[in-house]
Amino acid sequence: MTDESRKMFEKIRAFLTVYMPKQRGLSSYTIKSYKQCINQFLTYITQKKKVRYDEISFRNWDASTISDYLVYLENERNVSASTRNQRLFAIRSFLKYARISNPELMALSMEASGILTAKEAGEPVAFLSEKAMEVLLRQPDDSTRIGLRDMCFMVTMYDTAARDCEMLNLRLNSLDLNEGCPKVRLEGKGNKVRQVLLMKKTASHLKRYISVFHSEDTKKEDWLFYTVAHGIRNKMSDDNVARFLKKYTAMAKAECEEVPAKVTPHQFRHSRAMHLYRHGMPLQLLAEYMGHASVISTRIYAYADTEMKRAAIEKCQGRNAAATDLPEWKNNDELIKKLYGLA
């Protein structure tokens with residue numbers, strides 16, 4: 001390995017093990033994503049640019065190579081514009097970090113910053129109707145041990161609008177199931193923590209679940225949802241959630257046509273947010289509930305809710321309104337804001 005290569009790899013190690021987790025406080029999921037991106041870029045250099053892995057250095061991080069890599073992602077890996085842009089952002093972030101202690105890398109960093117991002121198509125928010133969600137949530141047979149676990153997981157995920165990773169990271173001490181104000185502590189992106197109130201019915205389900213799956217000698221730090229392998233309790237995996245969700249989705253689809261053919265954990269989050277918005281929760285409060293850093297992220301639910309817009313327009317116009325009647329939005333700033341997703 002050359003001195004230039006060693007210098008680059010040491011900088012990558014410091015970026016992933018010191019800068020991101022300790023200085024930036026980023027989550028393990030974010031760090032894993034950046035690590036995968038850098039690994040993929042280095043593999044591309046070895047396979048497509050024919051550079052030995054132990055000879056890769058910062059000279060291979062030029063704008064031309066990065067641009068070729070992005071074209072490769074689009075044309076050969078068929079990734080989405082969003083994924084392509086995420087890879088570019090990761091490369092930019094690393095070079096920006098590297099140039100702090102190595103000013104000679106400033107030119108490379110600036111070149112990477114000048115590479116244009118791909119235009120992302122606006123994807124509609126995928127969510128289930130309240131009827132479809134109700135049918136899905138009643139599919140697990142809670143008279144069985146596994147059915148009880150799956151039901152509690154799904155009900156809690158919907159009630160809290162939690163991300164899949166937030167659900168899997170729940171421990172016994174994440175819950176406060178007191179009668180007056182039951183709540184759960186969720187650890188979200190960037191290690192951000194938020195408290196979410198639970199419906200009393202959800203709290204009741206969780207108490208029943210804990211009585212079955214957690215004996216008195218369990219520790220408060222134990223995983224709330226777990227699987228057992230060789231007598232050892234392990235945190236439940238994404239794959240396990242995907243398996244039982246696929247099973248219950250097929251069962252619910254056979255009972256209700258409104259249930260989509262595929263349901264992902266994130267659709268529980270979108271569905272809960274959309275249902276709360278339709279029932280009148282203001283966007284600012286919804287943003288806090290969802291753990292969004294800015295209300296801008298939450299506005300997707302206002303933009304996506306075409307049904308609410310249709311109902312509002314019909315209400316404003318009225319089916320039998322006279323031509324001389326003023327529409328209800330006239331001189332009504334709050335209604336105008338709601339129609340255009342600003343309220």
Side-chain angles (χ1 to χ4, degrees), residues 29 33 36 73-74 76-86 118-168 170 189 199 201-202 205 225 227 236-279 286 289-292 297-311 341:
Y29 298 96
S33 176
Q36 290 175 337
L73 291 177
E74 294 174 331
E76 297 189 35
R77 298 296 296 268
N78 297 315
V79 304
S80 65
S82 176
T83 300
R84 182 260 193 203
N85 290 338
Q86 289 174 358
K119 185 176 181 180
E120 300 181 22
E123 293 291 336
V125 176
F127 67 96
L128 280 69
S129 67
E130 291 188 61
K131 177 182 177 181
M133 181 58 71
E134 179 185 353
V135 172
L136 179 59
L137 291 178
R138 68 167 180 251
Q139 294 309 310
D141 180 3
D142 63 351
S143 65
T144 67
R145 182 180 172 88
I146 295 301
L148 173 62
R149 182 203 66 184
D150 297 347
M151 182 271 290
C152 280
F153 188 97
M154 292 165 62
V155 166
T156 305
M157 183 162 60
Y158 172 69
D159 188 16
T160 60
R163 301 176 178 89
D164 190 28
C165 62
E166 292 172 340
M167 285 295 301
L168 296 174
L170 287 177
K189 291 182 177 180
M199 292 190 298
K201 191 171 183 179
T202 302
H205 287 317
F225 295 102
T227 54
M236 188 186 291
S237 68
D238 294 316
D239 291 340
N240 197 78
V241 176
R243 278 195 297 271
F244 71 66
L245 195 53
K246 180 180 180 181
K247 168 187 172 183
Y248 298 127
T249 298
M251 293 167 60
K253 180 68 175 176
E255 182 179 335
C256 175
E257 292 183 354
E258 292 184 21
V259 177
K262 180 179 180 181
V263 177
T264 66
H266 213 65
Q267 283 175 264
F268 277 68
R269 177 172 166 83
H270 284 322
S271 299
R272 181 59 166 163
M274 186 63 77
H275 299 163
L276 288 172
Y277 176 69
R278 283 184 169 179
H279 284 286
L286 185 59
Y289 184 86
M290 300 290 288
H292 288 161
S297 301
T298 318
R299 286 179 181 166
I300 60 173
Y301 301 109
Y303 297 149
D305 196 2
T306 55
E307 177 60 27
M308 178 178 280
K309 292 174 184 176
R310 181 197 62 76

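Residues Met167 and Thr156 meet the side-chain proximity criterion, which asks for heavy atoms closer than 4.5 Å. The shortest side-chain heavy-atom distance between Arg269 and Phe127 does not fall under the 4.5 Å cut-off. Counting only heavy atoms from C-beta outward, the side chains of Gln267 and Leu128 approach each other to under 4.5 Å. Residues Phe268 and Leu245 form a side-chain contact, since some pair of their non-hydrogen atoms from C-beta on lies under 4.5 Å apart. In this structure, the side chains of Leu168 and Phe225 stay at 4.5 Å or more apart for every pair of heavy atoms. You'll find the side chain of Phe244 stays beyond 4.5 Å of the side chain of Ile146, heavy atoms only. The closest side-chain heavy-atom distance from Pro265 to Met157 is below 4.5 Å.
When only modelled atom types and interatomic distance are considered, Ser143 and Asp141 share a side-chain donor-acceptor pair under 3.5 Å.
Between Tyr248 and Asp150, the closest heavy-atom pair is OH-OD2, 2.7 Å. The two residues Leu137 and Val155 come nearest to each other via the heavy atoms CD2-N, 4.1 Å. The nearest pair of heavy atoms linking Pro140 to Leu136 is CD-O, 3.8 Å. Closest non-hydrogen pair, Ala81 versus Ala118, comes out as CB-CB, 4.0 Å. Minimum heavy-atom separation, Thr249 to Pro260: CG2-O, 3.4 Å.
Atom CD in Glu130 sits 11.0 Å away from atom CE in Met274 (nearest 0.5 Å). Going from atom SG of Cys256 over to atom CE of Met251 covers 14.0 Å, rounded to the nearest 0.5 Å. Going from atom CD of Glu257 over to atom NZ of Lys131 covers 8.5 Å, rounded to the nearest 0.5 Å. Between the OG atom of Ser129 and the CD atom of Glu258 there is a distance of 3.5 Å, given to the nearest 0.5 Å. Expressed to the nearest 0.5 Å, how far CG of Leu170 lies from CE of Met236 amounts to 10.5 Å.
Glu166 places a side-chain N or O within donor-acceptor distance of the main-chain N or O of Arg163, the cut-off being under 3.5 Å. Between the side chain of Lys253 and the backbone N or O of Ala261 there is no donor-acceptor pair closer than 3.5 Å.
Listed by chain and number, the residues in a side-chain hydrogen bond (donor to acceptor under 3.5 Å, both in side chains) with Arg272 are Asp159 (sequence neighbours excluded).
Atom CZ of Arg77 is surrounded by 12 or fewer heavy atoms from other residues, nucleotides or ligands within 6.0 Å. Around atom CD of Glu76, more than 12 heavy atoms belonging to other residues, nucleotides or ligands sit under 6.0 Å away.
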Dump the intermediate steps for side chain to side chain contact (heavy atoms under 4.5 Å, CB included) on Asn240 and Ser237, then the final yes or no. CA-CA 5 Å; Asn240 197 78; Ser237 68; 3.6 Å; yes
Does the pair Arg138 and Glu255 meet the rule for a salt bridge (Lys or Arg N to Asp or Glu O under 4.0 Å), with working shown? CA-CA 11 Å; Arg138 68 167 180 251; Glu255 182 179 335; 2.4 Å; yes
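In summary, the aromatic rings of His275 and His279 are positioned with their centroids too far apart to meet the 6.0 Å limit.
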